[in-house]
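Take a look at the structure set out below.
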Amino acid sequence: NEFAEVRDTIQIQFNHFGECNIVRRTYVMKNHKSEYKLVHWTGTYNGDDQTLIIHSNARILYFKEDEMRMGTTIYKKL
């Protein structure tokens, strides 16, 4: 059996006309080794359905009240 501890943070900076800069920071601790990943994306926000589409990989972030979803992962607002 293998287990890992993962901490994931997404920071979104809204620019003009619904464009966004997104930074994803991921920290993974597995088998007493740590790994840190930093990814920069750009995306477009749609206020009508409260979604943000990432340009490079077509991922969709869904916003609802104080949380955001990316796939099955739920992020809580800090």
Side-chain angles (χ1 to χ4, degrees):
N1 292 338
E2 288 191 45
F3 297 93
E5 176 184 343
V6 179
R7 296 181 190 153
D8 206 9
T9 304
I10 293 182
Q11 181 180 11
I12 301 169
Q13 180 181 21
F14 291 91
N15 298 328
H16 303 291
F17 309 110
E19 294 294 312
C20 305
N21 291 323
I22 305 137
V23 178
R24 182 180 184 183
R25 294 175 181 86
T26 305
Y27 173 80
V28 179
M29 178 65 129
K30 184 176 177 181
N31 296 330
H32 304 289
K33 295 179 183 177
S34 62
E35 181 180 346
Y36 183 76
K37 297 177 185 177
L38 184 65
V39 180
H40 294 267
W41 295 319
T42 59
T44 303
Y45 180 72
N46 181 337
D48 293 336
D49 57 5
Q50 296 185 345
T51 59
L52 193 159
I53 299 175
I54 298 172
H55 297 155
S56 63
N57 57 21
R59 288 185 184 190
I60 301 174
L61 307 180
Y62 299 93
F63 296 89
K64 185 177 180 181
E65 298 173 14
D66 285 342
E67 70 179 32
M68 178 191 72
R69 294 179 181 257
M70 182 170 61
T72 59
T73 304
I74 299 172
Y75 294 85
K76 297 291 183 181
K77 188 174 183 177
L78 300 177

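This is a predicted model, so every value here is computed, not measured. As a basis for the values below, the full set of heavy atoms in this structure was taken, side chains included, without hydrogen atoms, waters or symmetry mates.
Between atom CD1 of residue Ile12 and atom CG of residue Leu52 there is a gap of 5.5 Å, rounded to the nearest 0.5 Å. The OG1 atom of Thr73 sits 9.0 Å away from atom CE of Met68, with the distance rounded to the nearest 0.5 Å. A distance of 7.0 Å separates CH2 of Trp41 from OG of Ser56, quoted to the nearest 0.5 Å. Note that CD1 of Ile53 and OG1 of Thr42 are 12.0 Å apart. Values are rounded to the nearest 0.5 Å.
The two atoms that bring Asp48 and Asn46 nearest to each other are N-OD1, 2.9 Å, heavy atoms only.
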Problem set entry | CA sep, side-chain torsions, deciding dist, call: Asn21, His40, side chain to side chain contact (heavy atoms under 4.5 Å, CB included) | CA-CA 7 Å; Asn21 291 323; His40 294 267; over 6 Å; no

Exercise. Going through the checks in order, is the side chain to side chain contact (heavy atoms under 4.5 Å, CB included) test met by Thr44 and Phe17?
Worked result: CA-CA 8 Å; Thr44 303; Phe17 309 110; over 6 Å; no

For this session: Apply the test side chain to side chain contact (heavy atoms under 4.5 Å, CB included) to residues Thr9 and Val23: give CA-CA distance (whole Å), side-chain angles for both, the deciding distance (0.1 Å), then the verdict.
Result: CA-CA 8 Å; Thr9 304; Val23 178; over 6 Å; no

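The ring-ring contact (aromatic ring centres under 6.0 Å, His included) contacts involving residues 49-76 comprise Tyr45-Phe63, where partners must be two or more places apart or lie in separate chains.
Between Val28 and Glu5, the closest side-chain pair of non-hydrogen atoms is not below 4.5 Å. Within the 4.5 Å cutoff, the side chain of Met70 has heavy atoms near those of the Arg24 side chain.
No single ILVMFWY cluster, assembled from side-chain heavy atoms under 4.5 Å apart, contains both Ile74 and Ile60.
Looking only at atom types and distance, the side chain of Arg25 has a donor-acceptor partner in the side chain of Gln11 under 3.5 Å away. For Asp8 and Thr26, the side-chain atoms include at least one donor-acceptor pair closer than 3.5 Å.
Applying the side-chain contact (heavy atoms from CB on, under 4.5 Å) test to Lys77 and every residue at least two apart in sequence or in another chain returns Asp66.
The backbone N or O of Lys33 lies less than 3.5 Å from no partner atom in the side chain of Asn31, so there is not a single donor-acceptor pair.
Under a 4.0 Å N-O distance rule, the pair Glu67/Arg69 qualifies as a salt bridge.
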